[in-house]
Peer 1: 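Take this structure first; my questions come after.
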Amino acid sequence: MEGFGKSLDLHPYRSFQEQLAKEVRIEPLSKDPKRVGGADVGYAGEFGIAAICVMSWPELEPLEDRVIVDRVRFPYIPGFLSFREVPLLRKAFDSLGCLPDILFVDGQGIAHPRGLGLASHLGVVLGIRTIGCAKKVLVGEARDPGPQRGAFSPLYYRGKLVGALLRTREGVKPICISPGHGIDLEGSIRMVMGATKGFRLPEPIRRAHHLTQLGKLRLLRGGGPNRG
DNA sequence: GCGACAG
DNA sequence: ATCTTGTCGC
């Protein structure tokens with residue numbers, strides 16, 4: 001019997017549950033967010049370039065950026081994108097000073113075969129609110145939204161409402177919005193509208209994507225993940 | 001077997 | 001995502 005109680009406390013499964021419960025916790029959003037963020041990943045052969053940016057809300061002034069380069073460890077398989085990109089994005093967040101209240105992610109939220117796309121997975125792992133903003137639909141059906149900015153149409157998958165096609169700008173293809181973690185569809189659409197200024201994608205995602213391309217150029221010119 | 005398929 | 005020239009439009 002000696003040490004049994006102790007081994008119980010240190011049991012891997014219990015430890016994991018406690019850690020998960022702690023990480024998954026999201027405080028109620030009592031007031032408007034102060035900071036929003038954008039996340040994106042680019043590629044250059046065997047390397048992945050993850051970029052994170054934090055911006056003020058609702059001014060959308062740049063506050064902080066982070067770019068990291070690392071070897072990619074998982075192939076791209078539709079439906080399993082988070083296994084490929086979450087590790088890189090987590091690494092980028094490790095060195096980030098202030099966390100955003102809400103993060104816009106280039107990918108699906110719950111509009112996913114298992115209800116856990118990149119945005120949702122990342123939100124759970126980081127313990128922050130996330131919104132999925134994809135350029136294409138992965139699963140589900142939706143009608144085309146009206147032509148004016150702000151028009152949207154519900155996206156249904158297996159009889160459930162999982163997102164929406166949102167026209168963020170007149171004359172351009174709508175983007176696929178779906179709640180990631182800690183936020184509902186209406187809130188997601190409102191945030192995306194507030195973060196979209198004249199272009200198809202939300203500003204934080206545009207900035208993150210730009211950072212990704214800059215990081216890629218540095219990598220190719222410098223000849224390696226370091227030196228920069 | 002055929003088509004679909006985030007980044 | 002990435003590989004790539006020119007081109008139409010504000």
Side-chain angles (χ1 to χ4, degrees), chain A residues 37-53 67-93 103-125 130-142 144 147 149 152-158 160 162-166 168-181 185 188-189 192 196-202 204-221 225:
Chain A
D40 188 31
V41 178
Y43 299 92
E46 59 198 324
F47 296 110
I49 303 90
I52 301 293
C53 73
V67 180
I68 65 96
V69 176
D70 199 3
R71 193 176 296 278
V72 181
R73 309 163 181 283
F74 200 86
Y76 168 65
I77 301 173
F80 296 87
L81 179 63
S82 63
F83 287 83
R84 179 177 170 80
E85 304 197 338
V86 164
L88 297 174
L89 292 170
R90 284 197 65 163
K91 185 173 179 181
F93 266 96
L103 181 70
F104 293 93
V105 181
D106 193 335
Q108 309 292 344
I110 63 174
H112 179 275
R114 292 166 295 285
L116 203 106
L118 172 61
S120 304
H121 193 161
L122 192 59
V124 170
V125 166
T130 58
I131 297 172
C133 306
K135 297 178 288 299
K136 301 173 187 174
V137 169
L138 173 60
V139 294
E141 307 80 41
D144 204 53
R149 166 178 159 76
F152 65 90
S153 53
L155 174 66
Y156 292 99
Y157 180 56
R158 292 176 176 170
K160 311 291 290 184
V162 297
L165 291 188
L166 174 65
T168 53
R169 180 187 174 174
E170 209 173 290
V172 301
K173 181 181 175 183
I175 60 178
C176 182
I177 302 301
S178 62
H181 184 59
L185 180 57
S188 297
I189 292 177
V192 170
T196 304
K197 307 296 181 185
F199 295 91
R200 183 156 93 114
L201 297 172
I205 287 184
R206 295 189 64 236
R207 184 178 182 80
H209 184 264
H210 189 204
L211 292 171
T212 255
Q213 298 306 303
L214 293 180
K216 182 176 171 181
L217 289 180
R218 277 193 319 169
L219 176 63
L220 298 179
R221 269 191 320 151

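Predicted model, so just to flag it, every value in this text is computed and none were measured. Reminder, nothing fancy here: chain letters follow the sequence lines and each chain counts from 1.
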Peer 1: Kindly write out the residues that satisfy salt bridge (charged side-chain N to carboxylate O under 4.0 Å, His left out) with A:Asp40, not counting sequence neighbours, or none if the list is empty.
Peer 2: none
Peer 1: For a quick check under 3.5 Å, do A:Tyr76 and A:Glu85 share a side-chain donor-acceptor pair by atom type?
Peer 2: no
Peer 1: Set out, line by line, the N/O atom pairs under 3.5 Å between protein and nucleotides 4-10 of chain C.
Peer 2:
none

Peer 1: Who passes salt bridge (charged side-chain N to carboxylate O under 4.0 Å, His left out) against A:Lys197, sequence neighbours left out?
Peer 2: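 Here no residue qualifies.
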Peer 1: Does A:Phe74 have any side-chain contact (heavy atoms from CB on, under 4.5 Å) partners at least two apart in sequence or in another chain, and if so, which?
Peer 2: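 Once residues adjacent in sequence are excluded, the partners of A:Phe74 under the side-chain contact (heavy atoms from CB on, under 4.5 Å) criterion are A:Ile77, A:Phe80, A:Phe83, A:Arg84.
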Peer 1: My understanding is that only residues two or more places apart in sequence, or in another chain, count here; which of them pass side-chain contact (heavy atoms from CB on, under 4.5 Å) with A:Leu217?
Peer 2: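 Counting only residues at least two positions away or on another chain, A:Leu217 forms no side-chain contact (heavy atoms from CB on, under 4.5 Å).
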Peer 1: Got a donor-acceptor contact below 3.5 angstrom from the A:Arg149 side chain to the A:Thr168 backbone?
Peer 2: yes
Peer 1: For A:Glu46, enumerate each residue passing the side chain to side chain donor-acceptor pair (under 3.5 Å) test, keeping only those at least two apart in sequence or located in another chain.
Peer 2: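 Listed in chain order: A:Arg71.
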Peer 1: In dot-bracket, 5' to 3', how would DNA chain B read with Watson-Crick or G-U wobble pairs under 3.5 Å, [ ] for crossing ones and | for pairs to another strand?
Peer 2: .......
Peer 1: Could you run down nucleotides 2-7 of chain B 5' to 3' and tag each one B, S or - for protein heavy-atom contact under 4.0 Å?
Peer 2: ---BBB
Peer 1: Pairs of donor and acceptor atoms involving the side chains of residues 111-122 of chain A, under 3.5 Å and at least two apart or interchain, shall be tabulated with distances.
Peer 2:
residue, atom, partner, partner atom, Å
A:His112, ND1, A:Arg114, N, 2.9
A:His112, ND1, A:Leu116, N, 3.3
A:His112, NE2, A:Gly79, O, 2.9
A:Arg114, NH2, A:Gly79, O, 2.5
A:Ser120, OG, A:Gly109, O, 3.1
A:Ser120, OG, A:Ile110, N, 3.4
A:Ser120, OG, A:Gly180, O, 3.0
A:His121, ND1, A:Ser82, OG, 2.8

Peer 1: Starting from Watson-Crick (N1-N3 plus N6-O4 or O6-N4) and G-U wobble pairs under 3.5 Å, report the runs of at least three that DNA chain C belongs to.
Peer 2: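 Stem list for DNA chain C: none, no run of 3+ pairs.
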Peer 1: Check side chain to side chain donor-acceptor pair (under 3.5 Å) between A:Arg206 and all other residues, then give those that pass, not counting sequence neighbours.
Peer 2: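 Scan of A:Arg206 (side chain to side chain donor-acceptor pair (under 3.5 Å), adjacent residues dropped) gives A:Glu203.
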Peer 1: Is it the case that the side chain of A:Arg207 and the backbone of A:Cys53 share a donor-acceptor pair, with hydrogens and angles ignored and the cut-off at 3.5 Å?
Peer 2: no
Peer 1: Partners of A:Lys91 by salt bridge (charged side-chain N to carboxylate O under 4.0 Å, His left out), sequence neighbours excluded?
Peer 2: A:Asp70
Peer 1: Side-chain N or O of A:Lys216 versus OP1/OP2 of C:dT2: is the shortest distance under 4.0 Å?
Peer 2: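 Answer is yes, contact under 4.0 Å.
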Peer 1: Within the 4.5 Å heavy-atom criterion, are A:Leu211 and A:Ile52 side-chain neighbours or not?
Peer 2: no
